[in-house]
Structures are given as structure tokens and as C-alpha cells.
Amino acid sequence: MRSLKFLLEPRYWLACVVVFFTIQSAQAAYPEKQITLVIPFAPGGANDTLGRIIAQALSVELKQTVIVENRAGAGTTIGAEYVANTKPDGYTLLLVSAAHVISSSIYTKLRFDPVKSFTPITQLTKSAYVLVTNKDSSIKSVQDLLAIASKQPNKMTYASSGIGSAPHLAGALLGSRGGVDLVHVPYKGGGPALLDVMRGDVDVYFASQSTALPYIQSDKVRALGISTDVRSPALPNTPTIKESGVPSFELSGWYGLVGPGQLPASIVQVLNDAIKKILAREDIQATLAKHGEQAYSSKAEVFGQFLSLEQKKYQEIIQIAKIEKE
């Protein structure tokens, strides 16, 4: 019992109180300094635009500067690895999309796990991929595409923004579910892919809705189908691919926010609450809608489950596409 006498000393309890309130104060003070949002894509694209919208709004909501740092390359893995190895203090965050979870099925030498090495914070948006073709093409619908492809095996071409990209996997899934052989034509980015569709050099392309909308609205390309299981509010007259007679076809675009693994729950909650308020704003919703994105926040644990499901979904599609790991 002698060893426990210190519990009766006032100075012991005073020290405990000091430690407790010091911890509480430190947690309540977050964020105390500048936050960096890493975007694993080059400046200027849809990913960069979305990230900067969120960063600016988060700066206002948290009353702290949030800067954007572009760390592009290797299918988003350069930026992701950088964040995975940073201190889990809430001052370095990562914008993620489908490419993030696809990476584990594409690259053999990843030094991180797209799900396990990160702390989910919240989903940010959801959107669709739009199957587009040249405005003067004889392909007027998804049914037309499948009919022509069935009569001319390995003649119908589809572009993508690179091997293993979401547009590549969407095309592979369409061929599999539609029972036709489509020829994949990879490009170094979505811009060149869409340009060649407009020229008529390649037949179709699954573009992100944010990228496709201006070209559809200006009648430079024709929208054939939407990848999600419901029609897009931005393109209400364009049927879903499932509606067009392709069973079990559903892919959605999305963005989300994660931090390095072991990010404290208190910090996750601060960020989750802030994003929820941001995405509830009408001006933010309108801005995102102009870019083809629908604001969509979620609880951290729900987003974590979503990431795991998306990773599994793309693993299955990659097997269908018979993509070999790099």
C-alpha cells in the first residue's frame, strides 16, 4: 500500500488536471497552422479544380489557410505515398478518387495500401461517367454501338486516359456485360482521348461528366449513356447504360478526403463536420454542379466501407479486362 500513497498527494492530482486540460486544449485548437491538401494529379484538370474548390471553402470554414500541393504521377500513387508517410496530425490531407483504389490492382510495388494506409474522413462528391461519341457518328445509342460491335468484332474502338484508368475499366466492363469485343486505345490523359473522339479517330470514350459536359452542351460530342444506375440531373435525357439493355452495369465517379493512417478521431470529426457544412451550402452545390459533380458527404466510417467496396469492385473488373500488373 505504501507505493500508492502518492495517490493521496494533492500535487499528483494537480498534475493530472494540468495534463488533461493540456490535451483537451491541444485537440480543441486544431487547426493551429496551415493545412496542405495534396492533389495527386497535375494542375488544370477536373481533379485539380475540385480540390481547389474544397480547399478554398475549407480555409474559410476552419479559419485557417488550406493550400493545394499537386504531386502527380504513376496513377496517383506518388501523391498517395507521400501522404501515407506524413505525420498523422491533420495538417496533410489527400484528395482521392477511383484511381486511388484501382492502384492496388495495377501496381505490384506499392509501398502502401490504398485503404489500410489511410484514415477515411468523408466522401465529397459523386458523379457519372458519360459514354460519348463523335457528333457525326452513325452510333446514336448504346444499342447501336453493341449491334455494330457484334457484327464487326474487334473493330469498334474505345479510348481511355491510360491503362488501368476508370475509363479503361468502364469500357472493359461494357464489352463484357454487352457480350462484344471492343478494342482499347489508351491515351496519356483524358484530353487527348476526348480530342480524338471529336475527330472521329476513335469510336467512343467514357469521359468524366465534368469533362464531357461542355462538349456535349456545345454539340461537339454526342452522349450515348450514363454509367451510374440512375440518370444524371445534368443530363436527364441521356439514359443509363443499364436502361440501354446492358445488365449489371454500374460505375460511379467520386471524390473523397483521407488523411494518413492513425489520424486521431477528434481531428477526423473536426474535418468531417467542416466538410458537411461546406457541402450543404447552396453556392458550393451550384459550383460543383457546373463541373458535373453532386455534393455528397458521409460519415468517416461509411466512407471507409465505401473505399473497401470500390477497391473490390475494380479488382473484379481488372480481372475481366485481363490487365497485367506493372
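No hydrogens, no waters, no symmetry mates; every other heavy atom, side chains included, goes into these values. What you are looking at is a predicted structure, and each value in this text was computed from that prediction instead of being measured. Along the sequence shown, the residues carry numbers beginning at 1.
- The closest side-chain donor-acceptor pair between Q262 and T119, if any, does not fall under 3.5 angstrom.
- Every side chain to side chain contact (heavy atoms under 4.5 Å, CB included) that V115 has, sequence neighbours left out, goes to D113, L307, S308, Q311.
- Identified under the side chain to side chain donor-acceptor pair (under 3.5 Å) test for residues 151-162, with sequence neighbours left out: T157-D203, S160-H184, S161-S165.
- Checking each of Q123, E310, E293 against W254 for a side-chain hydrogen bond (donor to acceptor under 3.5 Å, both in side chains) leaves exactly one that passes, namely E310.
- Legend: ring-ring contact (aromatic ring centres under 6.0 Å, His included) pairs involving residues 47-91, not counting sequence neighbours, sorted by first then second residue: Y30-Y91.
- Under the side-chain hydrogen bond (donor to acceptor under 3.5 Å, both in side chains) test applied with D273, the options K276, Q269, K277 reduce to a single match, Q269.
- A distance-only check finds no donor-acceptor pair linking the side chain of S176 to the backbone of L173 [under 3.5 Å].
- R177 meets the salt bridge (charged side-chain N to carboxylate O under 4.0 Å, His left out) test with no other residue; sequence neighbours excluded.
- Apart from V230 itself, the hydrophobic cluster it occupies contains nothing, where clustering links Ile, Leu, Val, Met, Phe, Trp and Tyr at side-chain heavy-atom distances under 4.5 Å.
- For E316, the salt bridge (charged side-chain N to carboxylate O under 4.0 Å, His left out) test picks out no residue, with sequence neighbours left out.
- Put simply, the side chain of N85 gets close to the backbone of E81: a donor and an acceptor are under 3.5 Å apart.
- Every side chain to side chain contact (heavy atoms under 4.5 Å, CB included) that P153 has, sequence neighbours left out, goes to D181.
- R71 pairs by the salt bridge (charged side-chain N to carboxylate O under 4.0 Å, His left out) definition with E69, not counting sequence neighbours.
- Listed by chain and number, the residues in a side chain to side chain contact (heavy atoms under 4.5 Å, CB included) with S141 are Q143, D144 (sequence neighbours excluded).
- Of the possible polar contacts, one joining the S227 side chain to the L251 backbone as a donor-acceptor pair under 3.5 Å is found.
- The hydrophobic cluster containing I78, built from Ile/Leu/Val/Met/Phe/Trp/Tyr side-chain heavy atoms closer than 4.5 Å, comprises no other residue.
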Q) For F118 and H100, what are the C-alpha separation, side-chain angles and deciding distance, and is it a side chain to side chain contact (heavy atoms under 4.5 Å, CB included)? A) CA-CA 11 Å; F118 298 88; H100 180 71; 3.6 Å; yes
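- K242 pairs by the side chain to side chain contact (heavy atoms under 4.5 Å, CB included) definition with D229, T240, not counting sequence neighbours.
- Listed by chain and number, the hydrophobic cluster partners of M198 are V130, V132, V185, Y187, L194, L195, V197, V202, Y205, L213, Y215, I216, V221, I226, L235, where partners are ILVMFWY side chains within reach of under 4.5 Å, directly or through others.
- Looking at R52 and D48, a side-chain N of the basic residue comes within less than 4.0 Å of a carboxylate O on the acidic one, giving a salt bridge.
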